[in-house]
Amino acid sequence: ANPAGIAISQDGSVLFVADFSNNKIRRVEVATGAVTTIAGSGGMGSSDGVGDVAQFYYPAGIAISPDSSALFVADSDNHKIRRVEVATGEVTTIAGSGEAGDADGVGDAAQLANPAGIA
């Protein structure tokens, strides 16, 4: 429900969707329309982990690495930027403390406020 961001694989065969209201990252096969969840339990939270162990809180923006191996997600209400490995569904936080703010820093020492877009 309410997909907020879409990224496309380098070869155009797969769409990746930041499914905002469902708190999931989804994969859509362009040729067949098959939809699968890569990461996210569906519940609101901020846990890193693999597949449905990971949690998001309104993922809004999504971008894909040049080699299509990783996704970068603006996890809006967690105030974080997250990385999702396409092959495994492993989610790690790369920036943001989880508290809204504007502090510069490295990793969780940095603060963001409701990031919504990413390129």
Side-chain angles (χ1 to χ4, degrees):
N2 195 22
I6 297 175
I8 191 163
S9 63
Q10 187 176 26
D11 66 6
S13 66
V14 180
L15 300 175
F16 298 96
V17 179
D19 196 349
F20 185 83
S21 295
N22 284 322
N23 299 300
K24 295 180 177 185
I25 305 304
R26 314 291 293 276
R27 177 185 180 116
V28 180
E29 298 295 330
V30 173
T32 64
V35 178
T36 55
T37 299
I38 295 178
S41 68
M44 295 175 191
S46 65
S47 299
D48 287 345
V50 177
D52 63 4
V53 171
Q55 294 178 309
F56 296 90
Y57 192 178
Y58 297 148
I62 191 167
I64 193 164
S65 64
D67 65 0
S68 298
S69 68
L71 304 170
F72 299 93
V73 178
D75 195 359
S76 183
D77 278 19
N78 277 324
H79 314 292
K80 295 179 177 184
I81 303 298
R82 317 283 293 280
R83 179 185 176 116
V84 180
E85 297 300 324
V86 172
T88 64
E90 182 179 6
V91 177
T92 54
T93 300
I94 59 173
S97 68
E99 305 232 355
D102 66 353
D104 291 341
V106 176
D108 63 3
Q111 290 182 316
L112 305 166
N114 299 104
I118 194 165

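Asp75 and Tyr57 get closest at one heavy-atom pair: OD1-N, 2.9 Å. Closest approach of Ala63 and Ala119 over heavy atoms only: CB-C, 3.9 Å. Taking both residues in full, the closest heavy atoms of Gly49 and Ala54 are given as O-CB, 3.8 Å, listed atom of the first, atom of the second, then distance. Between Val53 and Ser47, the shortest heavy-atom distance links the atoms O-CB, 3.9 Å. Of all heavy-atom pairs spanning Asn78 and Phe56, the tightest one is ND2-C, 3.8 Å. When all heavy atoms are compared, the tightest approach of Asp11 to Ser9 is OD1-OG, 2.8 Å.
Val14 and Ile8 end up in different hydrophobic clusters when Ile, Leu, Val, Met, Phe, Trp and Tyr side chains are linked at under 4.5 Å. Ile25 and Val28 are not part of a single hydrophobic cluster, where members link through side-chain heavy atoms under 4.5 Å apart. Cluster membership for Val91 and Ile64, using ILVMFWY side-chain heavy atoms within less than 4.5 angstrom, is shared.
When each of Glu85, Glu90, Lys24, Arg27 is tested with Ile38 by the rule side-chain contact (heavy atoms from CB on, under 4.5 Å), just one qualifies, namely Arg27. Here the options are Thr93, Ile118, Ile62, the test is side-chain contact (heavy atoms from CB on, under 4.5 Å), and the partner is Val73; only Ile62 passes.
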(message) Does Arg82 form a salt bridge (Lys or Arg N to Asp or Glu O under 4.0 Å) with Asp48? I'd like the steps, not just the answer.
(response) CA-CA 9 Å; Arg82 317 283 293 280; Asp48 287 345; 2.9 Å; yes

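For the atom pair OH (Tyr58) and CG (Asn22), the distance works out to 10.5 Å, reported to the nearest 0.5 Å.
For Asp104, the CG atom sits in a loose shell: 12 or fewer heavy atoms of surrounding residues, nucleotides or ligands are nearer than 6.0 Å. For Asp67, the CG atom is densely surrounded, since the number of other residues' heavy atoms within 6.0 Å is greater than 12.
Within the 4.5 Å cutoff, side-chain heavy atoms of Ile81 are placed close to those of Pro115. Put simply, the side chain of Asn114 reaches to within 4.5 Å of the side chain of Ser76, judged on heavy atoms. Contact of the His79 side chain with the Gln111 side chain is not registered, since no non-hydrogen atoms from C-beta on lie closer than 4.5 Å. At least one side-chain heavy atom of Phe72 sits under 4.5 Å from a side-chain heavy atom of Ser65. Counting heavy atoms from C-beta on, the side chains of Pro59 and Asn23 come closer than 4.5 Å.
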